[in-house]
Amino acid sequence: MEKNELISIGQCKHGLDAKAAKTVKQVFMNNGSFNGKIYALPPAIVASIRTLDLYQGELREPSFQRIETEMDVSECTLERLMIDQAMLPASIDYSNPEKIYWPKAAINKAAYLVYMREISAFMLPFLQNRLLTLIRCPEGVEKESFFQKHLPDYAPAFIDRMTVDGETFMICNSLESLLWFANHGGIEFHVPFNQADTPYPNEIVFDLDPPSRERFDLAIQAAVVIKELLDKLQLISFVKLSGSKGLQIHIPIKEKSMTYEQTALFTQGIAQTVENQYANLFTTERMKKNRHGRLYIDYVQHGKNKTIVTPYSARKKDEGTVAAPLFWEEVNDDLLPQQFTIHNVVDRVKEKGCPFADYQIAREQQKLDNLFSLLE
DNA sequence: GCTTGTG
DNA sequence: CACAAGCAACGCGAG
DNA sequence: CTCGCG
């Protein structure tokens, strides 16, 4: 959008009482230029308009609220309209909505905040009651980034937190929290495999990390092989794109049904089974130089004090990719690692539903008998 | 993005 | 005042 | 021991 370009978003006729209407009319007739039909003023007066939404470039059922004497015309931007219209929590002061967060994907901060609002219902369950590790890029994904685990002193009271040994950590339990973190440049949301109030994991995750995006086919092969093994064990599993190069397989398990020691034995066992079966394709070799282009099954990444990117979290990647939950049928040769982004994931979920919709139900239904007999 | 420390 | 820095963490192997 | 790495 051209800078300083005026965008018409319709007319507003309702909401003015007789007196206010007369005042506005006088302002235009006294100060405006008349072209024989209408009086026009350069952009100078700011007013609040209540509306249903913006549909095909026009406000629906706009209604005048009030003149905003304290507001400058320069604040009336398309970004501000996007934010106002997305029903973001009003308790947060959204700064720099026009700031570009993903230059190559043409995503600004306003668009990111709107994405987070729209995906929140699908993302929040996976953040619930877990200590949060954030990767923040307040100047965009191409600029400096940093990790954050500790709650900043200035954080508002509505951010949940937990203090352990005098250290206070962040928890993202609400829409408000999610958008507060996003407004502070929080791009990647990572969480551990256990809830904050227990040392027991309630999910197991395999991280399938090919050496490059060009070898994404390895991640697909590994996922299919592991899925077969999990099916044989009658374990319910879910799969998502990491949003980077690979795939991640999630197995929800009931709270307190396994210790981290047991889940580590299991992931190690599966990873080594797959490695032995397809030694030319997959490896659990930690050293990069010993992997020889094979896919690294990072079973160490599942464990105490480790974290995994949350479903639907954005990634610090040029394309604006997100960690997108998939249907297992989608794990085939047509799948691309960069397929799902901030641009298209909300529509995808609205059309097809969330592939992780039954995640919490599966956690309760999960039968671990076969898994445990494997560990013996 | 915001706070704190330094010149 | 204008700045720059900090904002996680741990284990392991190589040097 | 410190440094890189995931």
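So that the names make sense, note that chain A is the first sequence line, chain B the second, and so on, each numbered from 1.
Distance A:I159 CD1 to B:dG1 P: 16 Å, rounded to the nearest Å. As rounded to whole Å, 16 Å separates atom C1' of D:dG6 from atom CD1 of A:I297. Between the CZ atom of A:F146 and the P atom of C:dA4 there is a distance of 17 Å, given to the nearest Å. In this entry the distance linking NZ of A:K304 with P of C:dC10 reads 13 Å, nearest Å. Rounded to an integer number of Å, the gap from A:H190 NE2 to C:dA8 P is 15 Å. For the pair A:L131 CG and C:dA8 C1', the interatomic distance rounds to 13 Å; values are reported in whole Å. Between A:K149 atom NZ and C:dA8 atom C1' there is a gap of 6 Å when expressed in whole angstrom units. Atom CZ in A:R136 sits roughly 13 Å away from atom C1' in C:dA8 (whole-Å rounding).
A:Y101 has a side-chain polar atom (N or O) that falls below the 4.0 Å cut-off from OP1 or OP2 of B:dG1. For the OP1/OP2 pair of C:dA9 and a distance below 4.0 Å, the side-chain nitrogens and oxygens of A:H150 include at least one atom meeting the criterion.
Within the 3.5 Å criterion, the main-chain N or O of A:K240 finds no donor-acceptor partner in the side chain of A:H250.
A salt bridge is absent between A:E167 and A:K149: the closest approach of a Lys/Arg side-chain nitrogen to an acidic carboxylate oxygen does not fall below 4.0 angstrom. A:E330 has a carboxylate O that lies under 4.0 Å from a charged side-chain N of A:R348, or vice versa, which qualifies the two as a salt bridge. Under the 4.0 Å criterion applied to side-chain N and carboxylate O atoms, A:E139 and A:K99 are assigned as salt-bridge partners.
Spacing of C1' atoms, D:dC5 relative to C:dA4, comes out at 28 Å, to the nearest Å. Nucleotides B:dT4 and C:dA8, compared at atom P, are 15 Å apart to the nearest Å. Across the C1' atoms, D:dC3 and C:dA9 are found 16 Å apart, a figure rounded to whole Å.
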Sort me out a list of protein N/O and nucleotides 11-15 of chain C N/O pairs below 3.5 Å, or just none if empty.
none

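There is a side-chain donor-acceptor pair under 3.5 Å between A:Y359 and A:E203.
Aromatic ring centres of A:H14 and A:F64: separated by at least 6.0 Å.
In this structure, the nucleotide among D:dG6, C:dA8, B:dC2 sitting nearest to the side chain of A:F147 is C:dA8. With distances taken from any side-chain atom of A:K288 to the nucleotides C:dA9, D:dG6, B:dG1, the minimum falls on D:dG6. Candidate nucleotides C:dA9, B:dG1, D:dG6 were compared by shortest atom distance to the side chain of A:S95, and B:dG1 ranks first.
Annotation: proximity of residues 170-187 of chain A to DNA chain C (heavy atom, distance under 4.0 Å) is found for no residue.
The CG atom of A:L241 sits 4.5 Å away from the CG atom of A:L326 when rounded to the nearest 0.5 Å. Distance CZ/A:R130 to CD1/A:I171: 11.0 Å, rounded to 0.5 Å.
In terms of heavy atoms, A:N183 sits closest to A:Y101 at O-OH, 4.2 Å.
A side chain to side chain donor-acceptor pair (under 3.5 Å) with A:E188 is found for one member of A:R136, A:K316, A:R315 and no other, namely A:R315.
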